[in-house]
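Taking it in order: structure first as structure tokens, then the write-up.
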Amino acid sequence: MTRRNFNWVQGMGLLTTVFAMSVLIITAGLQWTSVPAYATGRGEERRDARDTRQEGRDQAREQKKECKEADDKSRAECRHEKRETKEEARDTAKDIKRK
């Protein structure tokens, strides 16, 4: 092998390495920039679901308070109604997160 051929092979190896590293850096950069958009949308869904559950808790609390004040039902019946209201809110929150 002559000296001239060796320098050419060495230059091609360097060029190939630089090209491969550039491709890796560009690919990593594209993946890194696309993640926050997905994460942000996912975060909004989680916040909406959490707000829905909290609203269900508040509504159930008020409903139980009104039920106890009315004296139409027993404590167990009021508690059962509260539990059903909270379960409905949780189911709605699950539907929000599944979108």
Side-chain angles (χ1 to χ4, degrees):
M1 210 163 155
T2 64
R3 179 87 174 140
R4 194 171 94 179
N5 286 343
F6 181 72
N7 288 337
W8 180 79
V9 171
Q10 206 173 23
M12 286 302 292
L14 180 62
L15 182 65
T16 305
T17 303
V18 169
F19 178 74
M21 291 300 291
S22 299
V23 169
L24 286 174
I25 290 170
I26 290 170
T27 304
L30 290 175
Q31 288 177 351
W32 183 73
T33 57
S34 65
V35 171
Y38 170 75
T40 302
R42 191 77 178 120
E44 289 175 18
E45 290 174 1
R46 292 179 66 206
R47 282 188 290 277
D48 289 344
R50 185 176 53 236
D51 291 342
T52 300
R53 286 191 303 273
Q54 185 60 44
E55 288 170 8
R57 287 184 205 112
D58 294 340
Q59 183 182 8
R61 191 176 301 120
E62 290 296 320
Q63 184 179 9
K64 183 177 179 184
K65 181 180 174 185
E66 291 170 6
C67 181
K68 285 170 57 177
E69 289 173 355
D71 286 333
D72 293 341
K73 299 178 183 176
S74 69
R75 287 182 63 220
E77 290 171 329
C78 292
R79 192 170 53 240
H80 184 70
E81 285 183 10
K82 178 182 177 182
R83 186 177 301 126
E84 286 179 345
T85 303
K86 287 174 70 174
E87 286 175 2
E88 289 173 8
R90 283 192 294 264
D91 289 341
T92 303
K94 285 179 188 176
D95 291 340
I96 290 172
K97 286 174 70 174
R98 289 182 188 154
K99 285 182 186 179

Nearest 0.5 Å, please: how far is OG1 in Thr16 from CE in Met21?
13.5 Å
Could you go through the side chain to side chain contact (heavy atoms under 4.5 Å, CB included) check for Arg50 and Gln54 one step at a time?
CA-CA 6 Å; Arg50 185 176 53 236; Gln54 185 60 44; 5.8 Å; no
Least distance between heavy atoms, Ile96 atom then Glu45 atom
CG2-O, 3.7 Å
Which atom names give the shortest non-hydrogen contact between Ala89 and Gly56, and what distance separates them?
CB-CA, 3.5 Å
What residue pairs, at least two apart or across chains, pass salt bridge (charged side-chain N to carboxylate O under 4.0 Å, His left out) with a residue in residues 57-67?
Asp58-Arg61
For Arg79, run the side chain to side chain contact (heavy atoms under 4.5 Å, CB included) check against Lys82, Glu81, Arg83 and tell me which one passes.
Arg83
Give, for atom NE2 of His80 and atom OG1 of Thr85, the distance between the pair rounded to the nearest 0.5 Å.
9.5 Å
